[in-house]
Structures are given as structure tokens and as C-alpha cells.
Amino acid sequence: MRIASAVTAGLGLAGLLASGVASAAPHGTPGGPRAAVKWGACSAAQKELNEAGAQCAKVAVPLDYSDPGGRTIDLAISRIKAKSPGQRRGILLSNPGGPGGSGLATTLSLRPTLKDVADRYDLIGFDPRFLGESTPLTCGTAPRPTPPAEHTTPRKDFDASVRAARDTARRCQEHGDNAALLPHASTRNVARDMDAIRAALGERKMSYYGISYGADLGAVFTQMFPRRADRIVIDSSTDPAATQYELFQQSGAPAEAALSPGMRADMEKLLARAERRPIPIAGQRLDAKLVRVMFKQLVQHEENDEQLAGMVSDLTRAAAGEEVEPGPALAAMLAFLNSPEVENSMLGGAMFMCGDGGWPAGGWPKDPETYWKNIQRSRTDQPVFGPYVNSMIAPCAFWDSEPREPGTRIGNKVPVLMLQARLDNNVPYEGAVALHRKLKGSRLLTADIRSHGVYGRGEGGLTPVPCADRTVNDYLRDGKLPAADLTCAHPGKKTGARR
């Protein structure tokens with residue numbers, strides 16, 4: 001479903017306070033008066049924030065919102081103050097997705113696209129609970145990965161992923177104080193944390209931009225705290241009637257459709273080989289599971305097609321026995337897959353995917369054989385991506401603790417601006433349309449592109465969608481949603497929007 005969890009996923013790696021509003025006083029953290037936020041320099045690790053003149057602080061929030069006077073945890077927040085005090089609107093929070101993405105510097109990355117709008121808000125970044133600098137959790141030391149054998153089978157690879165998922169669940173729940181903390185890792189608690197940040201800063205309402213999982217988090221916030229929502233923008237969201245596992249499954253067909261017939265045929269041949277004999281390249285062997293992960297990352301954006309073709313070519317030559325120097329895309333992917341960041345992002349994703357009781361991040365089958373049957377069933381019409389999106393992609397089947405709350409049901413009239421790429425093969429377009437129907441006060445902007453994420457693409461080195469950037473900025477500046485849903489044409493064909 002999400003970019004951050006997509007990499008780690010391929011490695012095998014009666015509601016509590018239902019309304020949410022009752023737990024927070026208008027100008028205080030839940031359960032008590034507002035304590036002064038002590039701003040200071042950000043940590044040395046936040047080099048970009050410090051260079052931008054940002055300030056950082058910690059906000060104490062309840063570990064368990066049903067026990068507001070009990071144990072607290074610290075949330076790390078950042079602030080870039082509004083430059084136009086006379087035109088200041090309030091605060092703008094953001095979330096980069098995942099689940100499991102840290103977001104202390106996310107609003108900083110939005111500044112170039114926000115342009116003059118950035119001057120009207122205090123830009124507030126935050127690391128969600130248990131991530132980054134917000135009372136971070138770690139798991140016990142992971143075993144050193146075992147390189148794939150020269151010969152394997154799909155079932156052997158699947159069984160290995162099940163063992164790895166089981167071990168991850170054990171290590172995470174047995175390490176330190178995690179057994180007491182992990183039951184409180186959930187999207188609904190992150191939404192409560194966002195409202196606590198708002199209250200700690202003395203704001204009556206907050207504005208927000210979230211992408212991918214962050215978009216769904218924004219929708220959850222509007223459901224739990226409708227009176228606290230100011231100008232809300234959610235980019236690349238999902239079907240609120242689906243579980244996380246179902247959302248992964250739904251991404252297979254559009255990813256397959258993004259491939260040309262020739263490219264798909266080449267990939268099928270390569271994967272058939274990797275499922276029996278992992279591909280040797282750059283001193284390591286890649287099994288089919290990892291090859292699918294890398295393909296899925298690149299197929300999300302149409303600008304990556306040339307890099308994807310180069311990756312397929314490199315791997316095909318390596319499979320034929322040639323000595324191959326990996327191209328830039330493959331080299332970067334191999335470097336990431338061999339870095340400590342993989343384990344860290346896996347933990348972040350697992351915490352929320354296993355802690356949610358349903359949409360937007362939970363709802364995993366408990367029986368591993370369910371995954372295996374779905375993998376085999378998918379091979380007929382999704383031979384490239386079906387085995388990946390149906391696989392054992394989280395340790396939630398082996399999580400000891402059960403979610404403390406059900407998933408969030410959406411249905412409100414809060415004004416929201418939604419963005420979605422029509423050919424998004426990470427979170428398919430139909431899911432956003434379903435959420436749009438539930439968010440009755442929303443407007444949906446459709447971009448006629450293949451992409452995961454619509455706003456601010458230019459800052460990520462992709463082709464910008466000017467009419468989308470303009471529409472978001474107009475809304476955040478003036479507070480007026482488009483009069484009707486609209487479509488932004490492909491930026492490579494023509495500019496403008498149509499209703």
C-alpha cells in the first residue's frame with residue numbers, strides 16, 4: 001500500500017474513546033492544562049532543519065489515552081515559523097506515509113512547492129509515536145541474513161519469509177519494554193497525538209497535508225476530530241472498506257497493467273529463473289522475492305520506465321552468466337536492501353500494521369497458508385506482481401497482542417481536498433473514489449498520470465503537475481475548495497484542469 005512499507009514488506013518482513021474529541025480540552029493536552037512548549041535547536045541528526053532555522057521540542061502525551069493521568073511518552077516536533085505574522089493562518093502538520101515514516105522534516109520538504117503559502121503557517125513536523133525521536137522503539141538484534149542458496153523453490157522462499165516474520169514478531173515483543181508499549185501503536189493514537197500537538201501549541205484548529213498512509217491518517221483525524229480540522233489535504237489515499245492486506249492485494253492488477261507486453265514477458269522469464277536459481281550480481285544472489293520488490297518500486301512512476309528497463313536488462317544479463325556492473329537504479333536498490341535502514345523501516349511499518357484493528361493499516365490473516373494459496377492463485381493473471389502483493393508481508397500473523405480498537409469507519413462532511421493519480425498502482429484510484437464518497441465534504445482532484453503522490457512531484461525529481469500544485473496552494477491560502485471535482489491533464493500533453 002505504501003512506499004515505505006513496500007520495500008520491507010517484500011523482505012518477508014467497541015472502540016476506545018470512539019469520538020476522540022472527548023479526550024482533549026480546547027487548550028490543553030488530554031487530561032490536563034497545557035504545558036509550555038520549550039523550543040530549542042533540533043538534534044544534530046536534523047541538519048536540514050537546523051540549517052533552515054527550525055526549532056524543535058518535545059510534547060508529552062499519554063501512552064494510553066484511556067488513562068490520561070498515567071504513563072506518558074514524548075513526541076518530537078519541529079517548527080518553522082510563519083514569515084507573515086499579519087497573514088498567519090495557524091499551523092500546518094504533515095505526515096510522509098509508511099506507515100512507519102518519521103516526519104520531523106517533512107514540512108520542510110514541502111516549502112518549495114508551497115511557495116508563499118509557507119509564509120502563512122507555522123510548519124509543524126513530527127515523528128509519530130515510537131518512531132524517529134518520539135520515544136523510539138527497537139527490536140532485539142536481527143539475525144544476519146542468510147544468503148539465498150544456489151537453488152530454491154517458491155515454497156522454500158515462502159517458508160523462509162514465514163520464519164522471518166515469526167522471528168521479527170518474537171524479537172519485537174520480547175525486547176525491552178515493548179510488550180507494554182506496542183499495544184498503543186495505532187493510527188487512531190497517532191491521530192490523538194496530532195490533536196495533542198495542536199492543543200499544546202494553543203491552536204483551536206490545525207491544517208494538514210499527508211501522503212499515502214499519511215493521507216489515510218488525515219482522513220482518520222477528520223473522523224475523530226472533525227471540529228479541529230482546518231484545511232486538510234490528503235494525497236494518494238485508499239479504500240476505507242478494505243484491510244491493509246486487501247489493499248496490498250488490490251495493487252497487483254494496476255501494477256501488472258503498467259507493463260508493456262514485451263517488458264512483462266522479459267520479467268516473467270527472469271522471475272521464473274529466479275524462483276529456481278537466484279540471480280548472481282554484484283557479489284550477491286537475488287531471489288525472486290527481492291527482484292519483485294525492486295520492480296514494484298520502480299513501476300510506480302512513469303518517469304522510472306527507462307530505469308526499470310535497464311534493471312531488467314542488467315538482471316537478465318547477470319542471469320545468463322555475464323559479469324554485470326549494476327546501473328544506477330539497481331545499484332541504489334541493492335545498497336538500500338543491504339543497509340540498516342531496512343530493519344528500521346520494517347519495524348516502523350510492522351508496529352502500525354499489526355497494531356491497527358482494521359483500516360487503514362490492520363486486518364491481516366493469521367494462517368500463513370492463506371497467503372500461500374493467494375500467491376498461487378494470483379500467478380495466472382498477475383505473474384509478475386501477484387506473488388509479491390499476496391505474500392506474507394508483515395509479522396502480524398504472529399503478533400502476541402491484539403489490537404485495542406477496531407479500524408476507523410469514515411463518514412463525515414469535513415471539507416477535504418483529495419488528490420489521486422488515475423494510474424496509481426500503489427494505492428489504486430478506485431480506493432480514493434470510495435473514500436471520496438465517504439468524505440462527503442471533499443473534492444477530488446484527479447491527475448492523469450501514473451504516480452504515487454501528486455503534489456510537489458517536482459521537488460522529488462519527477463514531472464510536476466502544475467494545476468495540482470496550484471489547486472493545493474490556493475486552498476491552503478484562501479480556504480476555498482474547488483467548486484467541483486476536477487481533473488489535471490497529463491503535464492506532458494497539455495496544461496490546465498477540467499471539471
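Heavy atoms only: backbone and side chains are in, while hydrogens, waters and symmetry mates are out. Owing to the predicted nature of the structure, the values given are computational and were not obtained by experimental measurement.
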Query - By ring-ring contact (aromatic ring centres under 6.0 Å, His included) - contacts of Tyr455 (at least two apart) - result: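 In terms of ring-ring contact (aromatic ring centres under 6.0 Å, His included), with neighbours along the sequence ignored, Tyr455 is linked to Tyr209.
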Looking at side-chain heavy atoms only, is the closest gap between [X] and [Y] below 4.5 Å?
| X | Y | result |
| --- | --- | --- |
| Asn304 | Gln300 | no |
| Asp239 | Glu246 | no |
| Ser134 | Leu75 | yes |
| Thr487 | Arg422 | yes |
| Asp485 | Thr446 | no |
| Lys81 | Trp39 | no |
| Leu445 | Pro482 | no |
| Phe295 | Leu259 | no |

Query raised in the report: What's the spacing between Leu217 CG and Ile234 CD1 if we round to 0.5 Å?
Result: 10.0 Å
Query raised in the report: Could you state the interatomic distance from CE (Met194) to CE (Met206), rounded to the nearest 0.5 Å?
Result: 3.5 Å
Query - Name of the residue among Trp359, Trp364, Phe352 meeting side chain to side chain contact (heavy atoms under 4.5 Å, CB included) with Gln244 - result: Trp364
Requested in this report: Sort out for me which residue in Leu110, Leu417, Asp235, Val454 forms a side chain to side chain contact (heavy atoms under 4.5 Å, CB included) with Val472.
Outcome: Leu417
Counting heavy atoms not belonging to [X], are there more than 12 under 6.0 Å from its [atom1]?
| X | atom1 | result |
| --- | --- | --- |
| Lys58 | NZ | yes |
| Lys440 | NZ | yes |
| Glu459 | CD | yes |

State whether the side chain of [X] and the backbone N or O of [Y] hold a donor-acceptor pair below 3.5 Å, judged by distance alone.
| X | Y | answer |
| --- | --- | --- |
| Gln420 | Ser237 | yes |
| Asn178 | Cys172 | yes |
| Ser442 | Val416 | no |
| Asn95 | Gly210 | no |
| Ser207 | Leu92 | no |
| Ser84 | Gly86 | no |
| Glu256 | Val384 | yes |
| Arg450 | Val299 | yes |

Requested in this report: Run the salt-bridge test on Arg198 and Asp195 with the 4.0 Å N-O cut-off and return the result as yes or no.
Outcome: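 Asp195 and Arg198: salt-bridged.
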Query raised in the report: By salt bridge (Lys or Arg N to Asp or Glu O under 4.0 Å), which residues pair with Arg457, not counting sequence neighbours?
Result: Glu303
Query raised in the report: Got a sec, which pairs hit side chain to side chain donor-acceptor pair (under 3.5 Å) with one end in residues 104-120, sequence neighbours left out?
Result: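 Matches after skipping sequence neighbours: Asp116-Arg477.
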Please give me the minimum heavy-atom distance between [X] and [Y], naming the atom from each residue.
| X | Y | result |
| --- | --- | --- |
| Arg188 | Met224 | O-CE, 3.7 Å |
| Cys396 | Ala350 | SG-O, 4.5 Å |
| Gly362 | Thr243 | O-CB, 3.5 Å |
| Leu481 | Gly441 | CD1-O, 3.5 Å |
| Asn50 | Ala41 | OD1-C, 4.1 Å |
| Ala200 | Val59 | CB-CG1, 3.9 Å |

Return a table of donor-acceptor pairs under 3.5 angstrom between the side chains of residues 121-129 and protein atoms on other chains or two or more places apart.
from   : atom 1 : to     : atom 2 : distance (Å)
Tyr121 : OH     : Leu476 : O      : 2.6
Asp122 : OD1    : Ala82  : N      : 2.8
Asp122 : OD2    : Arg88  : NE     : 3.4
Asp122 : OD2    : Arg88  : NH2    : 3.0
Asp127 : OD1    : Gly103 : N      : 2.9
Asp127 : OD1    : Leu104 : N      : 3.0
Asp127 : OD2    : Glu133 : N      : 2.8
Arg129 : NE     : Asp193 : OD2    : 2.7
Arg129 : NH1    : Leu63  : O      : 3.0
Arg129 : NH1    : His184 : O      : 3.0
Arg129 : NH2    : Pro62  : O      : 3.0
Arg129 : NH2    : Asp193 : OD1    : 3.0

Query raised in the report: Please walk me through it: do Thr187 and Tyr213 pass side-chain hydrogen bond (donor to acceptor under 3.5 Å, both in side chains)?
Result: CA-CA 9 Å; Thr187 300; Tyr213 166 79; 2.7 Å; yes
Query - Distance-only polar pair, side chains of Arg192 and Asn189, donor-acceptor under 3.5 Å - result: yes
Query raised in the report: Does Ser102 have any side chain to side chain donor-acceptor pair (under 3.5 Å) partners at least two apart in sequence or in another chain, and if so, which?
Result: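 None.
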Query raised in the report: Who are the side chain to side chain donor-acceptor pair (under 3.5 Å) partners of Asp74, not counting sequence neighbours?
Result: none
